[in-house]
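Report on the structure given below.
Basis for what follows: all heavy atoms, side chains included, without hydrogens, waters or symmetry-related copies. All figures in this text were calculated on a predicted structure; none of them were measured in a lab. Starting from 1, each residue takes its place in the sequence as its number.
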Amino acid sequence: MKSFYLKSKKATKLTKIVQISDSHMIVVDETDKENYTKQKERKLFFERESLARTGEVHYAEAKLSEAVEYARQSDLTIFTGDIIEFPTAPNVNKMVEYFSKLDDYLYTFGNHDYMDYTLKESALSQYEKNVHLFKDVIKNDLEFAVKEVNGISVVAMDNSRFQFSLSQYERLKKMFDEGREIVLSMHIPLYHPTLDFIGQKKVNAVADTCGMAYGLGLKNSATPITKAVIDLIKENHEQVLAILVRHNHFDAVVPYYENVVEYVCAPTYLNDFYEFIIEPEKD
């Protein structure tokens with residue numbers, strides 16, 4: 001667990017937020033005949049990866065359990081996606097079982113939560129097919145959710161398909177217009193060239209980001225509304241305490257824009273998560 005300290009003009013008291021992400025939990029369920037073999041193979045993959053990257057095997061479910069237990073003493077827990085490796089009812093039910101141990105939380109989709117990459121279906125098709133697994137059991141709005149914590153507005157925005165929507169733009173703009181002080185959370189990092197440098201150094205790959213290559217027609221290139229959301233965040237940077245993200249399987253702390261820092265949380269299946277301690281700024 002890594003701790004970061006933030007200053008707030010609006011906070012009424014010391015506030016702790018825990019970010020948990022990318023546990024890639026897999027429940028091996030013998031009754032799930034369709035996915036049983038896949039479950040075993042993918043679980044073994046992550047065990048081998050954790051051994052290769054940390055020198056010891058970490059079991060995703062156990063590490064998620066440890067992180068949630070620690071988070072119980074926080075004011076709010078944010079789950080920034082990929083809590084499960086692919087969508088099955090046993091995986092979703094086990095995920096929600098851990099969520100239920102907390103008094104309050106925010107959850108936003110990761111691409112793996114609703115998408116099985118062994119299938120050839122598009123992200124949108126799989127989202128539409130699988131979103132029902134989550135809607136009835138997740139407490140918050142899956143597109144745009146807000147929790148007010150000690151004077152701070154914590155926002156979870158779904159950008160798991162690498163874009164933002166007009167509704168998200170309108171709702172975020174309203175919050176800025178109201179003078180809110182905001183902690184933003186989402187699954188996909190907002191593009192910054194430093195992320196590419198860190199990714200190449202840590203995992204030999206450029207970062208997979210939201211808002212990259214405006215208008216160049218590349219994969220995941222930002223749509224006009226996605227660009228508008230990013231510009232909105234930059235225009236109101238003084239009201240943004242932090243941007244909490246995940247997705248790429250390396251951790252990073254990036255000076256994103258002016259006062260705003262983007263925190264790319266380390267994956268929980270590799271035995272890490274983040275804690276943000278927000279202190280009221282004294283006059």
Side-chain angles (χ1 to χ4, degrees), residues 1-6 17-25 42 44-60 63-64 67 78-83 85 108 110-113 115 117 157 159-163 183-222 226-227 230 233-234 237 240-277:
M1 188 270 293
K2 296 183 180 69
S3 296
F4 299 93
Y5 291 82
L6 307 174
I17 295 173
V18 168
Q19 180 190 8
I20 298 173
S21 198
D22 288 61
S23 56
H24 289 273
M25 181 178 63
R42 293 300 292 166
L44 181 60
F45 167 83
F46 280 100
E47 290 168 7
R48 286 175 172 169
E49 185 177 30
S50 68
L51 177 63
R53 292 178 64 177
T54 69
E56 57 185 354
V57 174
H58 293 302
Y59 297 98
K63 295 307 170 188
L64 178 60
I78 303 173
F79 295 94
T80 47
D82 283 1
I83 305 304
E85 168 62 4
T108 189
N111 47 304
H112 279 273
D113 290 327
M115 190 168 180
Y117 279 86
M157 299 175 65
N159 70 341
S160 59
R161 297 191 301 281
F162 293 87
Q163 306 292 350
V183 171
L184 281 172
S185 66
M186 59 197 75
H187 183 64
I188 309 293
L190 301 182
Y191 173 75
H192 192 281
T194 300
L195 281 170
D196 283 341
F197 174 78
I198 295 172
Q200 288 171 330
K201 185 175 181 181
K202 289 193 173 184
V203 296
N204 198 32
V206 296
D208 209 17
T209 54
C210 173
M212 61 192 297
Y214 290 170
L216 297 182
L218 302 177
K219 178 187 176 184
N220 303 331
S221 178
T226 295
K227 183 179 184 300
I230 292 170
I233 293 168
K234 291 179 177 179
H237 63 88
V240 180
L241 284 184
I243 302 174
L244 315 185
V245 296
R246 185 51 242 137
H247 186 56
N248 294 281
H249 285 206
F250 59 84
D251 60 310
V253 177
V254 177
Y256 177 68
Y257 184 80
E258 298 290 345
N259 60 290
V260 182
V261 175
E262 185 168 44
Y263 297 88
V264 185
C265 183
T268 301
Y269 80 90
L270 293 179
N271 195 31
D272 214 346
F273 58 94
Y274 282 180
E275 175 185 61
F276 296 87
I277 301 168

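A 4.5 Å side-chain heavy-atom check between Phe162 and Asp208 finds at least one atom pair inside the cut-off. Side chains of Phe276 and Ile78 form no contact here, defined as non-hydrogen atoms less than 4.5 Å apart.
Ring planes of Tyr256 and His192: tilted class, angle from 30 to 60°.
Rounding to the nearest 0.5 Å places CZ of Phe79 at 10.5 Å from CZ of Phe273. Of the inter-residue distances, the one linking His249 atom NE2 with Tyr269 atom OH reads 5.0 Å to the nearest 0.5 angstrom. Atom CD1 of Ile20 sits about 11.0 Å away from atom CE of Met1, to the nearest 0.5 Å. Considering CD1 of Ile83 and OG of Ser21, their distance stands at 5.5 Å, rounded to 0.5 Å. Rounding to the nearest 0.5 Å places NZ of Lys63 at 10.5 Å from OG1 of Thr268. Note that SG of Cys210 is 6.0 Å distant from CD of Gln163, once rounded to the nearest 0.5 Å.
A distance-only check finds a donor-acceptor pair linking the side chain of Glu262 to the backbone of Leu190 [under 3.5 Å]. Without hydrogens or angle criteria, Asp272 side chain to Pro267 main chain gives no donor-acceptor distance under 3.5 Å. Distance alone, capped at 3.5 Å, places no donor-acceptor pair between the Thr108 side chain and the Thr80 backbone. A donor-acceptor pair under 3.5 Å is absent between the side-chain atoms of Asp82 and the main chain of His247, judged by distance alone. No side-chain donor-acceptor contact under 3.5 Å links Ser50 to the backbone of Leu270. In this structure, Gln19 contributes its side chain and Val264 its backbone to no donor-acceptor pair below 3.5 Å.
Applying the side-chain contact (heavy atoms from CB on, under 4.5 Å) criterion to Glu56, with sequence neighbours excluded, gives Thr54, His58. Partners of Arg48 by salt bridge (Lys or Arg N to Asp or Glu O under 4.0 Å), not counting sequence neighbours: none found.
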**OP:** Walk me through it: do Val253 and Phe4 pass the test side chain to side chain contact (heavy atoms under 4.5 Å, CB included)?
**Re:** CA-CA 10 Å; Val253 177; Phe4 299 93; 3.8 Å; yes

Using distance only, find each side-chain donor-acceptor pair of residues 195-205 under 3.5 Å and give its atom names and separation, not counting sequence neighbours.
{"unit_1": "Asp196", "atom_1": "OD1", "unit_2": "Ala207", "atom_2": "N", "d": "2.9"}
{"unit_1": "Lys202", "atom_1": "NZ", "unit_2": "Asp251", "atom_2": "O", "d": "2.9"}
{"unit_1": "Lys202", "atom_1": "NZ", "unit_2": "Asp251", "atom_2": "OD1", "d": "3.1"}

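Applying side-chain contact (heavy atoms from CB on, under 4.5 Å) to His187 and the options Leu244, Asp113, Asp22 leaves one that passes, Asp22.
A distance of 6.0 Å or more separates the ring centres of Tyr263 and Tyr274.
For the pair Ala242 and Leu6, the tightest heavy-atom approach, listed with the atom from each and the gap, is CB-CD1, 3.9 Å. Closest heavy-atom contact between Gly211 and Ala222: CA-CB, 3.7 Å.
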